[in-house]
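Before any comments, here is the structure.
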Amino acid sequence: MSQALPNGFLWGNSTSSMQTEGGWNEGGKGKSVYDDRPASKDASDWHVAIDDYHRYDEDIKLMADQGMNAYRFQISWSRVCPTGDGDFNEEGIKFYSDLIDKLIKAGITPMICLYHFDMPLALAEKYNGFASRHVVEAFVRYGKKMVDEFAKRVPYWITFNEQNLYFMPDAYRIAGDLDGERSDSALYTISHHVMVAHAEVANYLHEHSNAKIGGMLAYSEVYPASSNPRDILYARQIDEFFNKNLLDVFINGQYSTEVMTFVKNHGIDMDFTDADKAAFKQLNSDFIAFSYYRSGQINSDKVPINTIVNHYLDYGSEQVPGLQVNEWGWNVDPLGFRDILTKVYDQYHVPMFPIENGIGVREHYTGKEIQDDYRIDYHRVHIQALKDAVYEDGVKVIGYLGWGLIDIPSSSGNMDKRYGMVYVNRTNSDLKDLKRVPKKSYAWFKHVIETNGADLS
């Protein structure tokens, strides 16, 4: 048995509201942009998910029995404020208050995420989501209300799931921008508005509570495809624009010099005000949270001339050779995980908190235990990489939260792409009985937690 992780290390699970709750039209909830999305051949609708709105007691027990001591969940903005900017819904607030109380009673530390792409439909239709300053103000109002309600009981917070995605072409969809301008300038404005919303809520939390808050990124290691100097340049620029640019604000209160020079040279109007700069100057982060699933590489030869960094991967993204992949092309690269932990800590010296990690695989329940050794192998090598970062590189790490360790629909709504250590008996088209059935990995992870990471065998 090898070295255990430090005392107080957090082991747990992460989810989003639309991928777990269901109850889409119950308890006074307003519609989010997900609630009108129809089912398709490869995706379910979002009306039921795994029905945690009615069954979270069962899932808390599964987490507690496994030994988890942390759970990151998301508050659905439209459940607690149906139109996003109107009256708050006390029944929705009570739902989360009861959830928090039951987690604490079970010995599980709650962690709140305020936004995971599910813009209230009313704000998307009327204002195009975070393209609008009005929606920034509405989010800050919602975030402050949640801090007032829950910060005394919830010690860890993030505002936006995978905040750097708002700097990528998918930004419009996840920001609730249904039919606004599609331009480089609009992309930068949306990303900036989201950062302003983060800063305002984070500053308020620090002023009014002892809770901790950090920024969160979707961090994928992107390697140069070769020793070609342009491949190396493009890989560095991707990291600078997508990751370090936001880390610089989270930690130092200002955007990257390189990115801001690009903005100036290209005449981009980010809607950056003096009040925004003041909010950034006040901002600090208690930790850096991130998701990590896989790595990729960039081949600069495939990227057209005059493409901006935000679109490099649209053209030049490639698989890293020699790594095992799942059927969706997501690879297994624990060294990339370690490198992110170490290089970010080395630069910013703020505790690291990986809060999503896992692999999606197609699985079928036949009445016998699912032998998901591939999932055990995936988590084993990533936890070992985390331990190497801690004990060989000196990184301070708060915890390790897997993604969706009870099966949930994937981010595209696909129930076939399963990440869980507990099987949920439903398909994209058939809800069946939603029975929870632990897989082989459930017992393995329980032992890992019991030994605080010392025994990964």
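- Between the side chains of Ser14 and Glu356, not a single donor N or O lies within less than 3.5 Å of an accepting N or O.
- Among all heavy-atom pairs drawn from Val222 and Ala235, the shortest one is O-CB, 3.7 Å.
- Judged by distance alone, the side chain of Asn164 and the main-chain N or O of Asn243 form no donor-acceptor pair under 3.5 Å.
- Within the model, atoms NE2 of His116 and OG of Ser411 stand 7.5 Å from one another, a figure rounded to the nearest 0.5 Å.
- Using a 3.5 Å distance cut-off with no hydrogens or angles, the side chains of Gln384 and Asp388 do pair a donor with an acceptor.
- Asp346 meets the salt bridge (charged side-chain N to carboxylate O under 4.0 Å, His left out) test with no other residue; sequence neighbours excluded.
- Only one option out of Arg362, Arg418, Lys417 pairs with Glu327 in a salt bridge (charged side-chain N to carboxylate O under 4.0 Å, His left out); it is Arg362.
- Between the Asn326 side chain and the Asn331 main chain, no donor and acceptor come within less than 3.5 Å of each other.
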Yes or no on side-chain contact (heavy atoms from CB on, under 4.5 Å) for Tyr115 and Asn161, after CA distance, side-chain angles and deciding distance?
CA-CA 6 Å; Tyr115 187 81; Asn161 178 69; over 6 Å; no
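- With ring centers used as reference points, Trp77 lies under 6.0 Å from Phe139.
- Ring to ring, Tyr172 and Tyr166 are not that close: their centroids are 6.0 angstrom or more apart.
- Of the inter-residue distances, the one linking Ile75 atom CD1 with Ile100 atom CD1 reads 6.0 Å to the nearest 0.5 angstrom.
- Separating the CG atom in Leu405 from the CE atom in Met421 is a distance of 5.0 Å, to the nearest 0.5 Å.
- Using a 4.0 Å cut-off between a side-chain N of Lys or Arg and a carboxylate O of Asp or Glu, Lys144 and Glu200 do not qualify as a salt bridge.
- Between Phe337 and Asp333, every side-chain heavy-atom pair lies at or beyond the 4.5 Å cut-off.
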Please walk me through it: do Asn357 and His379 pass side-chain contact (heavy atoms from CB on, under 4.5 Å)?
CA-CA 8 Å; Asn357 182 237; His379 286 285; 4.1 Å; yes
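- The ring of Phe272 has its center no closer than 6.0 angstrom to the ring center of Tyr188.
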Walk me through it: do Tyr374 and Glu363 pass the test side-chain hydrogen bond (donor to acceptor under 3.5 Å, both in side chains)?
CA-CA 11 Å; Tyr374 41 82; Glu363 294 165 328; 2.5 Å; yes
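- Applying the salt bridge (Lys or Arg N to Asp or Glu O under 4.0 Å) test to residues at least two apart or on different chains, the pairs with a partner in residues 254-268 are Arg236-Glu258.
- With contacts defined as side-chain heavy-atom distances shorter than 4.5 Å, the pair Val397/Pro354 qualifies.
- Partners of Arg230 under the side chain to side chain donor-acceptor pair (under 3.5 Å) rule, at least two apart in sequence or in another chain, are Ser300, Asp301.
- Remark: Glu162 pairs with no residue by the salt bridge (charged side-chain N to carboxylate O under 4.0 Å, His left out) rule, at least two apart or across chains.
- Side-chain contact of Asp42 with Asn428: a donor-acceptor pair under 3.5 Å is absent, judged by distance alone.
- The minimum heavy-atom distance linking Trp328 with Val361 is given by the pair CZ3-CA, 4.1 Å.
- Counting only residues at least two apart or in different chains, salt bridge (Lys or Arg N to Asp or Glu O under 4.0 Å) contacts with residues 276-286 comprise Arg133-Asp276.
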Worked verdict on Asp248 versus Tyr255 for side-chain hydrogen bond (donor to acceptor under 3.5 Å, both in side chains)
CA-CA 6 Å; Asp248 282 351; Tyr255 288 119; over 6 Å; no
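- Applying the salt bridge (charged side-chain N to carboxylate O under 4.0 Å, His left out) rule to Asp85 yields no partners; only residues at least two apart in sequence or on another chain are considered.
- A salt bridge links Asp98 with Lys94: at least one charged nitrogen is closer than 4.0 Å to a carboxylate oxygen.
- Between the side chains of Asp393 and Thr342, a donor-acceptor pair is found at a separation under 3.5 Å.
- Residues His206 and Asn203 have side chains that never bring a donor and an acceptor to within less than 3.5 angstrom of each other.
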Would Arg426 and Ser44 satisfy side-chain contact (heavy atoms from CB on, under 4.5 Å), going step by step from the backbone distance to the final call?
CA-CA 10 Å; Arg426 65 156 293 182; Ser44 60; 3.2 Å; yes
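- Between Tyr292 and Tyr219, a ring centre-to-centre spacing not shorter than 6.0 Å is recorded.
- Under a cut-off of 6.0 angstrom, the local environment of CG in Asn265 is crowded, with over 12 non-hydrogen atoms contributed by other residues, nucleotides or ligands.
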